[in-house]
Amino acid sequence: MEKKNTDIIAKKDENLTGLDFIREIIRNDLKQNKNNGQVITRFPPEPNGYLHIGHAKAIVLNFSVAEEFKGRCHLRFDDTNPTKEEMEYIDAIKKDIRWLGYDWDDHEYYASDYFEKIYDYAVQLVKKGKAYVDTLTSDEIREYRGTLTQAGKDSPYRNRSVEENLSLLEKMRNGEMEEGACVLRARIDMASGNINMRDPSMYRILKASHPKTGDKWCIYPMYDFAHPLSDAIESITHSLCTLEFEDHRPLYDWFLDQLSTPAHPRQIEFARLNITYTVLSKRKLLHLVSEGHVKGWDDPRMPTLSGLRRRGYTPESIKVFCNRIGVAKSNSVVDIALLEHCLREDLNKTANRVMVVLRPLKVIIDNYPDEKVEELDAINNPEDESMGKRTIPFSKVIYIEREDFKEDPPKKFFRLAIGREVRLKHAYYIRCESIVKDEKTGDIIELHCTYDPRSKGGWTEDGRKVMGTLHWVSTAHAIKVQVNLYDHLFLKEDPENLPEGSDFTSNLNPRSMEIIKDCFAEPSLKNAQVGDRFQFLRQGYFCLDPDTSSGRMIFNRIVNLRDSWAKIEKSILS
RNA sequence: UGGGGUGUAGCCAAAUUGGCAAGGCAGCGGCCUUUGGAGCCGCCAUCUGGAGGUUCGAAUCCUCCCGCCCCAGCCA
């Protein structure tokens, strides 16, 4: 038997608990057979900046709701303000949505596609006496609007005749009026407690060239007028937006009630996403880019989708995250640890393991033959055997991680120290016999070790217990690579939490990026392609950056591995 | 006495609409481990912003109080 839309269990990823309130509303609408059982949503970005993970929440919501209820989701650019919008952003937005894995077929629309229709609707309102041209200055309009606690008062031009309004509106459209000389206003109620209803502006004069319509128009509709009409023209059934538009809803409905449109979509508001240690406002992100605090919109530290992509985030992890945080109406701040958890969860299953030494310390294995090289077997991903195996060259001189040796090992440190034995992953047990220091600085230059030939592959039959396992790389075979270590862009959980007089950039983390130039990677990494993701054993997940050139590979750290030793170390210190 | 929202654990967030507080993250123990990764097991709200009330029974209903968020663009 065919499934009805209402039978669909949403949120496939999650347990079968209640639907979020939006899916609940839609299900009920469907039960009552509203909209002929159709569900059409839309994602309406303004092309004035890059998409960030907050938009991803809206994208995932709109597209997955549409899919779950067998409807569709439109992509519509809300391009009603040519002074801020650019083609560059349109292209970037499309690329980002596709990267997330969504497809809008041919339902790609622009509010500007509807400018003619929207204008006609405006004329209708004027004819009904529900809109008028106001020649008050913008300052005067603000004064007349009143305050939060005091009613506004009517503009002296509020009662112009329909004929005069019509001719004035036409003059606005024809470019016969100066920018700022007048606006078209809805005639609603200057005493409303809801300020949005105090005769809001519908059209303003902007003598600016538009990325799509060029110089065809010199008046542009305001969001509050264009949005409900665009939704209605596309027969959107559920228009999902963020909480700050809640008190615009009466206006949204007012316009649609006054006009006879093909549909009257239902606007539903949900809480926008906030994440700890992160700033998610286009204005602030633009500021970070334009003031050079980051290297661009796609800087791997940015929460933009292009930044996350370059950093190495998988689209899958972002979608899982968006589903896991839920959709509700209370303002919330999600712990960035949840995002990182979703990332690791995905990468753990999909990323090949390789060995890379970030801060090398030379180890000479005294009892290993000088010229001998062995090719040792290594599994690519212990989570998934089907990802295969590779070999790694082993020889007398290797690098290990500097922090894996300690002259004075603290309690619970079970890595290398003089007289101790550890396992080299996939290779042999080695014991540290002596160390060589720089006479002047006292720095450790190299370690002398011996290996146990019976421990080939990393184990022995005698059941000897070896606690530590280190990653390593053969010096003669290693390739030198650059590694960029990233950390949170902001020092404070809430970057907006500032002392009086300073701005959010004072909370920037000065150590959000650390570049390590001379790292040594196992030779198999030679074949890596830009965008490939790996787990550097015991270090974290890394992604080959597009700045990589033939002479220099650059890896971005996507996220570190959970590090329980770091916690132990911290508790020992305190 | 401006309007609109919202309060469930450190952070998100459910609770089939009055039936006895899911789940995830974080944290904490333990097991396991050729990654101090992963995995596995256990613990983590006598209680839903507060105070009253209705009821056999309240996070859900009523009353009052408190906190937090949004709105005074010719931005979206």
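In what follows, every chain begins at residue 1, and chains take the letters A, B, ... in the order their sequences are listed.
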Look at the side chain of [X] against the base of [N] and say whether a donor-acceptor pair falls under 3.5 Å; ignore hydrogens and angles.
| X | N | result |
| --- | --- | --- |
| A/Q535 | B/U35 | yes |
| A/R415 | B/G36 | yes |
| A/E383 | B/G37 | yes |

Problem - Donor-acceptor under 3.5 Å (A/R431 side chain, A/Y451 main chain) - result: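 Pair absent, no side-chain N/O of A/R431 close to backbone of A/Y451.
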
Problem - Backbone of A/L358 reached by a side-chain donor or acceptor of A/E401 within 3.5 Å - result: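 Yes, the answer is positive, given that a donor and an acceptor are paired below the 3.5 Å cut-off.
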
Look at the side chain of [X] and decide which nucleotide, out of [options], has an atom nearest to it.
| X | options | value |
| --- | --- | --- |
| A/L148 | B/A76, B/G37, B/G2 | B/G2 |
| A/F245 | B/C12, B/A76, B/A38 | B/A76 |
| A/R142 | B/G73, B/G27, B/C70 | B/G73 |
| A/N348 | B/C71, B/A38, B/C74 | B/A38 |
| A/L537 | B/A13, B/A72, B/U35 | B/U35 |
| A/V333 | B/U35, B/C75, B/C12 | B/C12 |
| A/L338 | B/G24, B/U35, B/A14 | B/G24 |
| A/R204 | B/C25, B/G36, B/A76 | B/A76 |
| A/H341 | B/A26, B/G36, B/A13 | B/A26 |
| A/R562 | B/C25, B/C70, B/A38 | B/A38 |

Close N/O contacts between protein and nucleotides 16-19 of chain B (under 3.5 Å):
none

Output all residues satisfying salt bridge (Lys or Arg N to Asp or Glu O under 4.0 Å) with [X], sequence neighbours left out; order by chain, then residue number.
| X | result |
| --- | --- |
| A/R249 | A/E269 |
| A/R420 | none |
| A/D377 | none |
| A/R538 | A/D404 |

Contact class for [X] (heavy atom, under 4.0 Å): base, sugar-phosphate, or nothing?
| X | answer |
| --- | --- |
| A/H471 | nothing |
| A/H248 | base |
| A/S201 | sugar-phosphate |
| A/P44 | nothing |
| A/L470 | nothing |
| A/I275 | nothing |
| A/T147 | base |
| A/K282 | nothing |
| A/R344 | nothing |
| A/F270 | nothing |

Practice task
Quick one: the dot-bracket string of RNA chain B, using Watson-Crick and G-U wobble pairs with both distances under 3.5 Å, [ ] for crossing pairs and | for bases paired to another strand.
Solution key: .((((((..(((......[...))).(((((.......))))).....(((((..]....))))))))))).....

Which value, in whole Å, describes the distance between the [atom1] atoms of nucleotides [N] and [M]?
| N | M | atom1 | result |
| --- | --- | --- | --- |
| B/U55 | B/C61 | C1' | 10 Å |
| B/A9 | B/G49 | P | 8 Å |
| B/C66 | B/A72 | P | 26 Å |
| B/A58 | B/A51 | P | 15 Å |
| B/C25 | B/C69 | P | 30 Å |
| B/A26 | B/G50 | P | 28 Å |
| B/A59 | B/C47 | C1' | 9 Å |
| B/A13 | B/U8 | C1' | 9 Å |

Practice task
Mind running a 4.0 Å heavy-atom check of residues 171-193 of chain A against RNA chain B and sending the residues that fall below it, in number order?
Solution key: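 Output list: A/G180, A/V183, A/G193.
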
Problem - From CG (A/N165) to CE (A/M172), nearest 0.5 Å - result: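 Rounded to the nearest 0.5 Å, the CG-CE separation comes to 10.5 Å.
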
Does [N] have OP1 or OP2 sitting under 4.0 Å from an N or O in the side chain of [X]?
| X | N | answer |
| --- | --- | --- |
| A/T80 | B/A76 | yes |
| A/R198 | B/A72 | no |
| A/R145 | B/C74 | yes |
| A/S332 | B/C11 | no |

Problem - Near-parallel close stack of A/W565 and B/G36 base (under 5.5 Å, under 30°) - result: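 Ring-base stacking flag set for A/W565 and B/G36.
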
Exercise for the section: Count the heavy atoms belonging to other residues, nucleotides or ligands that lie under 6.0 Å from CZ of A/R454, then report whether that count exceeds 12. Expected result: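 Result for CZ/A/R454: open.
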
Practice task
Look at atom CD of A/E375 and say whether more than 12 heavy atoms of other residues, nucleotides or ligands are closer to it than 6.0 Å.
Solution key: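 Yes, because the 6.0 Å sphere around CD of A/E375 holds more than 12 heavy atoms from other groups.
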
Exercise for the section: Not counting sequence neighbours, list each pair that qualifies as a salt bridge (Lys or Arg N to Asp or Glu O under 4.0 Å) and has a residue in residues 332-361 of chain A. Expected result: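 Found A/R324-A/E345, A/R359-A/E514.
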
Practice task
Could you tell me which residues satisfy side-chain contact (heavy atoms from CB on, under 4.5 Å) with A/H74, sequence neighbours excluded, listed by chain and number?
Solution key: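 A/H74 satisfies side-chain contact (heavy atoms from CB on, under 4.5 Å) with A/I40, A/R42, A/R72, A/H107, A/Y109, A/E234, A/I236 once adjacent residues are dropped.
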
Handout entry: Pairing residues for A/Y110 by the side-chain contact (heavy atoms from CB on, under 4.5 Å) criterion, not counting sequence neighbours
Key =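 Here the qualifying residues are A/F77, A/D79, A/I90, A/K94, A/E108, A/S112, A/D113, A/K212.
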
Please find out if less than 6.0 Å separates the ring center of [X] from that of [Y].
| X | Y | answer |
| --- | --- | --- |
| A/Y277 | A/F490 | no |
| A/F270 | A/F21 | no |
| A/Y429 | A/W459 | no |

Problem - Protein-nucleotide distance (A/L206, atom CG; B/C74, atom P), rounded to Å - result: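 Going from CG in A/L206 over to P in B/C74 covers 12 Å.
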
Handout entry: Partner residues of A/H471 under the ring-ring contact (aromatic ring centres under 6.0 Å, His included) criterion, sequence neighbours left out
Key =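 By the ring-ring contact (aromatic ring centres under 6.0 Å, His included) rule, A/H471 matches no residue at all.
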
Quick test: give all pairs of protein nitrogen or oxygen and nucleotides 5-7 of chain B nitrogen or oxygen below 3.5 Å, distance rounded to 0.1 Å.
from: B/G5; atom 1: O2'; to: A/E246; atom 2: OE1; distance (Å): 3.3

Handout entry: Side-chain H-bond candidate by donor/acceptor type, A/E374 with A/Y428, under 3.5 Å
Key =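 A donor-acceptor contact under 3.5 Å links the two side chains.
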
Problem - Donor-acceptor pair between A/N81 and A/Y223 side chains, under 3.5 angstrom - result: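 Result is no, nothing qualifies.
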
